[in-house]
S.K.: 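A single structure is presented below for examination.
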Amino acid sequence: RDGRILYMAGAVGVVYSKERHAQHLYNAHTDDVVSLAIHPDQVTVATGQVGKIPVIQVWDSVSMGTVVTLRGFHERGVAGLAFSR
């Protein structure tokens with residue numbers, strides 16, 4: 001709604017602002033990201049990665065800070081993510 005585009009490139013989350021022609025990077029993952037979910041608030045993001053100990057990072061797409069890291073629930077990768085209302 002504010003013109004930002006969110007996408008993943010390898011292990012990095014990218015938030016691109018069309019208005020400012022600028023991008024901000026989220027670098028907390030240690031392996032490639034294979035799943036992504038955006039909360040209905042359009043600020044909170046969850047991303048899941050592959051690897052021996054895959055993690056889910058929940059992060060703020062405005063401050064680019066980690067809200068919480070979830071680990072120990074998956075093997076090999078996090079194939080899908082979703083938020084409930």
Side-chain angles (χ1 to χ4, degrees):
R1 98 185 132 186
D2 64 357
R4 294 181 303 148
I5 298 170
L6 174 65
Y7 63 95
M8 303 312 291
V12 178
V14 181
V15 179
Y16 174 70
S17 170
K18 294 188 311 184
E19 183 179 291
R20 290 181 278 157
H21 191 58
Q23 60 185 12
H24 300 280
L25 307 178
Y26 179 74
N27 293 305
H29 283 286
T30 58
D31 210 329
D32 288 348
V33 173
V34 293
S35 55
L36 166 82
I38 301 172
H39 189 275
D41 69 12
Q42 296 187 351
V43 172
T44 308
V45 178
T47 46
Q49 71 180 47
V50 297
K52 288 184 179 182
I53 305 174
V55 299
I56 297 169
Q57 299 285 2
V58 179
W59 50 283
D60 184 303
S61 64
V62 175
S63 72
M64 304 305 287
T66 301
V67 175
V68 67
T69 300
L70 305 171
R71 62 173 51 93
F73 301 101
H74 298 86
E75 295 178 6
R76 297 191 199 125
V78 181
L81 293 167
F83 285 100
S84 61
R85 291 185 183 254

S.K.: Kindly write out the residues that satisfy side-chain contact (heavy atoms from CB on, under 4.5 Å) with Leu6, not counting sequence neighbours, or none if the list is empty.
M.R.: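 Leu6 satisfies side-chain contact (heavy atoms from CB on, under 4.5 Å) with Val15, Leu36, Ile38, Val45, Trp59 only.
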S.K.: Under the side-chain hydrogen bond (donor to acceptor under 3.5 Å, both in side chains) test, which residues partner Ser17, sequence neighbours left out?
M.R.: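 side-chain hydrogen bond (donor to acceptor under 3.5 Å, both in side chains) check on Ser17 returns nothing, list empty.
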S.K.: For a side-chain contact (heavy atoms from CB on, under 4.5 Å) with His29, tell me which candidate from Val50, Val55, Ile56 qualifies.
M.R.: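 Testing each of Val50, Val55, Ile56 against His29, the sole residue satisfying side-chain contact (heavy atoms from CB on, under 4.5 Å) is Val55.
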S.K.: With sequence neighbours left out, write down each residue that passes side-chain contact (heavy atoms from CB on, under 4.5 Å) with Lys52, or none if nothing qualifies.
M.R.: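 For Lys52, no residue satisfies side-chain contact (heavy atoms from CB on, under 4.5 Å) once neighbours in sequence are set aside.
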S.K.: Tell me, please, which residues at least two apart from Ala79 pass side-chain contact (heavy atoms from CB on, under 4.5 Å).
M.R.: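 Ala79 satisfies side-chain contact (heavy atoms from CB on, under 4.5 Å) with no other residue.
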S.K.: Does one hydrophobic cluster hold both Val34 and Val12, with members joined at side-chain heavy-atom distances below 4.5 Å?
M.R.: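 Each belongs to a different hydrophobic cluster.
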S.K.: Do Val62 and Arg4 have side chains that get closer than 4.5 Å, going by heavy atoms?
M.R.: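 Of all side-chain heavy-atom pairs linking Arg4 with Val62, at least one is under 4.5 Å.
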S.K.: Taking Asp60's backbone N and O only, do any of them form a donor-acceptor pair with Thr44's side chain (distance below 3.5 Å, no angle check)?
M.R.: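 No, because the side chain of Thr44 does not come within donor-acceptor range (under 3.5 Å) of the backbone of Asp60.
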S.K.: Looking only at non-hydrogen atoms, find the nearest pair between Met64 and Gly13 and report the distance.
M.R.: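 Scanning both residues, the minimum pair turns out to be CE-O, 4.5 Å.
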S.K.: Please report the shortest heavy-atom distance between Asp41 and Val43, naming the atom on each side.
M.R.: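 For Asp41 versus Val43, the nearest heavy atoms are OD1-N, 2.7 Å.
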S.K.: With Tyr7, which residues qualify under side-chain hydrogen bond (donor to acceptor under 3.5 Å, both in side chains), at least two apart?
M.R.: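 Expected list: none.
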S.K.: Between Tyr16 and His24 (judged by ring centroids, cut-off 6.0 Å), do the two rings come close enough to count as a pair?
M.R.: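 Aromatic pair excluded; centres sit 6.0 Å or further apart.
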S.K.: Rounded to the nearest 0.5 Å, how far apart are CD of Gln23 and NZ of Lys18?
M.R.: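 Taking CD in Gln23 and NZ in Lys18, the distance rounds to 15.0 Å.
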S.K.: Please determine whether side-chain hydrogen bond (donor to acceptor under 3.5 Å, both in side chains) holds for the pair Thr66 and Tyr26, giving the CA-CA distance in whole Å, both sets of side-chain angles, and the decisive distance to 0.1 Å.
M.R.: CA-CA 9 Å; Thr66 301; Tyr26 179 74; 2.6 Å; yes
S.K.: Please check if the side chain of Gln49 supplies one atom and the backbone of Thr30 the other of a donor-acceptor pair under 3.5 Å.
M.R.: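 Such a contact is found between Gln49 side chain and Thr30 backbone.
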S.K.: Kindly compute the distance separating CZ (Arg71) from CD1 (Ile53), expressed to the nearest 0.5 Å.
M.R.: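 Going from CZ on Arg71 over to CD1 on Ile53, the span is 8.0 Å.
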S.K.: In chain order, what residues pass the side-chain contact (heavy atoms from CB on, under 4.5 Å) check against Ser35, with sequence neighbours excluded?
M.R.: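 By the side-chain contact (heavy atoms from CB on, under 4.5 Å) rule, Ser35 matches Val78, Leu81.
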